[in-house]
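Written below as C-alpha coordinates is the structure these notes are about.
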Amino acid sequence: MQTVESIASIPEIPLQAASLEIWRKKYCLRDRNGETVDRDVDGSLRRVARALADLEATPELREHWFERFL
(Lines give C-alpha, C1' and ligand atoms only; values in the text may rest on other atoms or scores of the structure.)
Protein backbone atom coordinates (compact mmCIF):
# COMPACT_ATOMS: atom_id res chain seq x y z
CA MET A 1 0.00 0.00 0.00
CA GLN A 2 1.25 3.48 -0.82
CA THR A 3 1.81 5.97 1.96
CA VAL A 4 0.87 9.64 1.85
CA GLU A 5 4.58 10.44 1.58
CA SER A 6 5.08 8.15 -1.42
CA ILE A 7 2.02 9.57 -3.17
CA ALA A 8 3.19 13.13 -2.51
CA SER A 9 6.48 12.34 -4.24
CA ILE A 10 4.75 11.39 -7.51
CA PRO A 11 5.19 14.25 -10.00
CA GLU A 12 2.02 16.01 -11.04
CA ILE A 13 1.11 15.59 -14.70
CA PRO A 14 -0.78 18.51 -16.24
CA LEU A 15 -4.18 17.73 -17.73
CA GLN A 16 -4.40 17.55 -21.47
CA ALA A 17 -6.92 19.84 -23.15
CA ALA A 18 -9.15 16.89 -24.09
CA SER A 19 -9.14 15.61 -20.49
CA LEU A 20 -10.10 19.01 -19.16
CA GLU A 21 -12.92 19.31 -21.68
CA ILE A 22 -14.29 15.89 -20.69
CA TRP A 23 -14.18 16.93 -17.02
CA ARG A 24 -16.03 20.17 -17.82
CA LYS A 25 -18.76 18.41 -19.80
CA LYS A 26 -19.26 15.23 -17.75
CA TYR A 27 -17.94 15.55 -14.20
CA CYS A 28 -17.90 19.20 -13.17
CA LEU A 29 -20.86 19.76 -10.86
CA ARG A 30 -23.21 22.58 -11.80
CA ASP A 31 -26.12 24.07 -9.87
CA ARG A 32 -29.70 24.44 -11.14
CA ASN A 33 -28.76 27.61 -12.99
CA GLY A 34 -25.87 25.91 -14.79
CA GLU A 35 -23.25 27.72 -12.71
CA THR A 36 -20.09 25.76 -11.96
CA VAL A 37 -19.85 24.44 -8.40
CA ASP A 38 -16.47 22.70 -8.80
CA ARG A 39 -13.77 25.28 -9.58
CA ASP A 40 -11.35 22.66 -10.87
CA VAL A 41 -10.70 18.91 -11.02
CA ASP A 42 -9.29 19.00 -7.49
CA GLY A 43 -12.57 20.55 -6.34
CA SER A 44 -14.48 17.62 -7.86
CA LEU A 45 -12.18 15.11 -6.18
CA ARG A 46 -12.53 16.87 -2.81
CA ARG A 47 -16.34 16.99 -3.15
CA VAL A 48 -16.57 13.27 -3.90
CA ALA A 49 -14.10 12.34 -1.13
CA ARG A 50 -16.10 14.42 1.34
CA ALA A 51 -19.41 12.83 0.28
CA LEU A 52 -17.99 9.35 0.75
CA ALA A 53 -16.29 10.13 4.06
CA ASP A 54 -19.37 11.84 5.49
CA LEU A 55 -21.10 8.45 5.64
CA GLU A 56 -18.85 7.45 8.54
CA ALA A 57 -20.26 7.43 12.08
CA THR A 58 -17.91 9.83 13.87
CA PRO A 59 -16.14 13.08 12.99
CA GLU A 60 -12.79 11.39 13.56
CA LEU A 61 -13.59 8.60 11.11
CA ARG A 62 -14.96 11.13 8.61
CA GLU A 63 -11.71 13.08 8.63
CA HIS A 64 -9.62 9.92 8.51
CA TRP A 65 -11.44 8.61 5.45
CA PHE A 66 -11.64 12.01 3.77
CA GLU A 67 -7.83 12.20 3.83
CA ARG A 68 -7.51 8.59 2.65
CA PHE A 69 -9.97 9.12 -0.24
CA LEU A 70 -8.08 12.19 -1.38
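The figures that follow rest on heavy atoms only: side chains count, while hydrogens, waters and symmetry mates do not. Position 1 is the first residue of the sequence; numbering continues from there.
D54 CG to L61 CG: the interatomic distance, rounded to the nearest 0.5 Å, is 12.0 Å. Put simply, CZ on R47 and CZ on R39 are 13.5 Å apart, with the number rounded to the nearest 0.5 Å. How far CZ of R50 is from CG of L45: 14.0 Å, rounded to the nearest 0.5 Å.
What you find for D38 and L29 is that their closest heavy atoms are OD2-N, 3.0 Å. Considering every non-hydrogen atom in both C28 and S44, the closest pair reads CA-OG, 4.3 Å.
In this structure, L55 places its CG atom where more than 12 heavy-atom neighbours from other residues, nucleotides or ligands lie under 6.0 Å away.
Annotation: W65 is in aromatic contact with F69 [ring centroid separation under 6.0 Å].
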Next item on the list: Please assess R46 against L70 for the test side-chain contact (heavy atoms from CB on, under 4.5 Å), listing each intermediate value before the final yes or no.
Entry: CA-CA 7 Å; R46 293 182 75 74; L70 280 179; 3.2 Å; yes
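Follow the hydrophobic side-chain contacts under 4.5 Å out from I22 and you reach L20 in the same cluster.
A donor-acceptor distance shorter than 3.5 angstrom exists from the side chain of R62 to the backbone of E56, with no hydrogens or angles considered.
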